[in-house]
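Single-structure report; data block below.
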Amino acid sequence: MARSGYGSKGDRINLLTNHFGVNFTQVKTQDFFQYSVAITYEDKKPVEGKGISRKILAKVQTELGSKHFAYDGEKILYTVGSLPKKELYFSVVLEDMSRSKSNASSSDANTRRPGKSKKFNVSITFAAKIAIQAIKGTLQGEEPNDHQNAVRVMDVILRQNAATNGCLLVRQSFFQNDDRYVLEYFGGFHLCRGFHSSFRATQGGLSLNIDVSATLLVTPGPVIKFLTDNQGLRNQSLIDWKKAGRTLKNLRVKVSHTNRQCKITGLSKLSCRDEKFILKQKQATGEVKEDEVITVYKYFTERLKIPLRVSGDLPCINVGKSTRPTYIPMELCELVPLQRYTKALTSYQRSKIVTKSMQKPREKMNVLNNALNDINYNNDAMLQECGVSIGYDFTQVEGRILTAPKLKAGDNKDIYPAHGRWNFNEKKFAEPVTVTKWAVVNFSAPCNPDSICKDLIKCGGKKGMNIERPMHVFQENLRFKDAQANIRVEKMFEQMKSELGNKKPLFLLCILAEKKNSLVYGPWKKKILVEHGIVTQCIAPSSNVNDQYITNVLLKINAKLGGLNSRLAMELSKEMPLVTQSPTIIIGMDVSHGSPGSDVPSTAAVVGSRQWPLISKYRACVRTQPRRTEMIENLFKPVTNEEGKKVDEGIFWFDFLELHSCVVFIARGRGFCILILFYAFYRELLFDFYSSSRQRKPEHIIIFRDGVSESQFTQVLNIELDQMMQACEFHNNHGDWKPKFTVIISVKRHHTRFFQHSDQNVLPGTIVDSRICSPYSNDFYLCAHAGILGTSRPIHYHVLYDDIGFSTDELQELVHSLSYVYQRSTSAISQVAPVMYAHLAAAQMATAMKFEDSSETSSSHGGITTSGEVPVPPMPKLNANVASSMFFC
């Protein structure tokens, strides 16, 4: 969607950004030439590993003489000017390939044959021509036909530069094997600083975006030392070998006695002294001797004369296939450098990465300046051929600081946030609740529950909450403290039932001993939300509980029980008529995925606002879908039934008929079933909006979509939005209801940062919609929150569709205001609250999914199954008593 204009509200401020100007000089050759690359073994089987492919193409480079190229590591190669012929064929021989390091994440099985040269066939075929002049057009803010392809070529040139210098490539980031970039060693790994670099088409022309990256690498060195460090042991005899096998799988090692590199496929089941294999021997005449069964230990110590000091009682490393193993004693193997650890990280590892990667603004600017000087792109031969040079100065941009929205507390008192923060000192919650019939359960936490209850009652009173004394405080029986988590939860419920009988509490405060990763948390949430339908709040208090901690707990409790802590003053005024004067529902949605390599289904969560004209209260719906799936198809599926009548069997309509109340809802609302379509969630959301908004249908639907990349924007419109509109039209029986849509994408994972001319982060409310924004579409950067640690990361918002008709200022102020309605805190957050709520809802229900019995499908939301795929386990269905609550808050 094209930009309709620029924002004007807010105080203007001059900023710097980590975009560096690109200059273009006229060159004789006017075109990039794109070629298709095919690399095969002698038996015509394709070569797959990126690392080996780059080595082969490096050999081809020598045969092309002075002709430089950029290779993407797979099937595409670019040159400036053409190659001698449209089709070229080469035979390349690599000597004992396993001796040299590979950048590939996985290597082809054929490359693991020891001590042999390999011959490859390479064909390079002309595919397309891309005008270099497209770069010049982009520099001038134009939109030439080839601008996207030209920018893509430039990015491949950057990757080629890094690969030539022996860097590890991770998409557009690169990491060097240099101790200067090691940030921290821990658990057999080290955190390595690298750099992201990519070209961006902006309103100011083409720019190079450079940012600091970080990734977790395996620390090179002896495998045994790695395992003891990884498991926090001093003695190798205590190593958990099952865990070790999972950790080592697919890592690459150098075998000391052959100096070859191999990939680990597993560990032997027996120790080196006991593991046997069949040794085939040949006489000098070439005749085969009788096969000999020999242990790995004896073969290496007696036949190869290699002394083994510690490997005898340890498993061997398998560098062959599982069906045809090749065993190497562990002490002869060393992990090679630049191996990215791609398995799921622990909370400790994640927190380490976040903490150690933080840089204050001035420090980050200095690091980027030094990196740009070290890389020296202006010496890159291919960039020189393109006539491209990179500037060394941070780009100056003009930003604006939006005024924080006024909030309302209880008794209609005004709250004026300062620096993105506010408090409830001498103020009550906007809509405080009364907490009755509640109880406390303590899972062996070392705290005083009675003292916490007194603090909650006292502090709650000051905030307007009437909190009665709890019905009972349940202490976990110490006999079950070390039992499995689900057993501990079951025993706690048995204890509650014996004490309370049929007196079901309306709220439960759950005290956990562990602050993070409590094993009890998942089973407790599933039991309480799915089976019993009781609102709950889990806490893990420290020994010193202060008023701020108690207030933060009360914020969550009040929101979960239907209250409201603060609201925007504009919600009850006419400041934004497109939202407050026409029935408007605001939707936030996200699809989260399991860790790489896991079979965990993806979790799609959607939240919708309720009680219009409020935009501070939300309800959530969560569903599972096939793993790693971002888009959903068949949301709208018109078919002809047996009676010859056209019906909708799309996901949302079939799901819609699950409840009788929904059938009544359709009879009353007719075509009102709009967003139920999207992700099969909207039956609850739209009915809840209708019933909580004085039986008004939404005329405006504002959708905030998170978790999609720029390459998926078209899919959001063509697949998701299109089906939503089709469904609305299909169910608009009386032709009198046609809601208008606005679709906004929220992108957090990008590499643009803003800097003041001091060492301070940019102020909350800083917005930029010019110079480094897209010259072709409607986007802007907003930093709504106050950055405390590191350098603030703005959110990049893209307006894909808007037939509601917002002005630029109206839309930007709405987005800014939605960062102030997050009920869990007293500070503005980085993203809009609906998106954050979708994150929370997905996380909570995904935790419950881990403990879901696959046989319990009768009470679950239907999972999604596509042809040829394994059925997706359904999401546990929330109990009706909590389904409409902000249980995720």
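Computation of the quantities below employed the complete heavy-atom set of this structure, encompassing side-chain atoms and omitting hydrogens, waters and symmetry-equivalent molecules.
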Let me check something: any side-chain donor-acceptor pairs from residues 829-845 under 3.5 Å, sequence neighbours excluded? List them with distances.
unit_1	atom_1	unit_2	atom_2	d
Q831	OE1	S746	OG	2.4
Y837	OH	V821	O	3.4
Y837	OH	Q823	N	2.8
H839	ND1	D590	OD2	2.8
H839	NE2	D706	OD2	2.9
Q844	NE2	F887	O	3.4

For D229, the side-chain contact (heavy atoms from CB on, under 4.5 Å) test, sequence neighbours excluded, returns K225
Under a plain distance cut-off of 3.5 Å, with no hydrogens placed, do N544 and S542 share a side-chain donor-acceptor pair? no
Checking E514 now: which residues fulfil salt bridge (charged side-chain N to carboxylate O under 4.0 Å, His left out) with it, not counting sequence neighbours? none
Could you list the residues that satisfy side-chain contact (heavy atoms from CB on, under 4.5 Å) with E468, not counting sequence neighbours? T436
Check this for me: does any side-chain nitrogen of one of E476 and K481 sit under 4.0 Å from a carboxylate oxygen of the other? no
Who are the salt bridge (charged side-chain N to carboxylate O under 4.0 Å, His left out) partners of K458, not counting sequence neighbours? none
Could you list the residues that satisfy salt bridge (charged side-chain N to carboxylate O under 4.0 Å, His left out) with K525, not counting sequence neighbours? none
Taking side-chain contact (heavy atoms from CB on, under 4.5 Å) as the definition, give me every residue that meets it alongside N442, ordered by chain and number, with sequence neighbours left out. A445, P449, Q475, I511
What residues form a ring-ring contact (aromatic ring centres under 6.0 Å, His included) with Y549, not counting sequence neighbours? none
Can you confirm whether T215 sits close enough to Y341 that some side-chain heavy atom of one is under 4.5 Å from a side-chain heavy atom of the other? no
Does the pair K497/E494 count as a salt bridge with the N-to-O cut at 4.0 Å? no
Any residue meeting salt bridge (charged side-chain N to carboxylate O under 4.0 Å, His left out) with K243, in chain and number order, not counting sequence neighbours: none
Using the test ring-ring contact (aromatic ring centres under 6.0 Å, His included), find all partners of W438 that sit at least two apart in sequence or belong to another chain. none
State which residues pass ring-ring contact (aromatic ring centres under 6.0 Å, His included) with H190; sequence neighbours excluded, sorted by chain then number. Y185
Who pairs with H472 by ring-ring contact (aromatic ring centres under 6.0 Å, His included), at least two apart in sequence or on another chain? F474
Please check if any side-chain donor atom of S616 sits under 3.5 Å from a side-chain acceptor atom of R567, or the reverse. no
Compute the centroid of each ring, for Y618 and then for F888, and state whether the two points are separated by less than 6.0 Å. no
Using a distance-only test with no angle check, is there a side-chain donor-acceptor pair under 3.5 angstrom linking W422 and S827? no
Is there a donor-acceptor contact under 3.5 Å linking the side chains of E490 and N486? no
Candidate list Q537, M496, M492, test side chain to side chain contact (heavy atoms under 4.5 Å, CB included), partner L508, passing option: M496
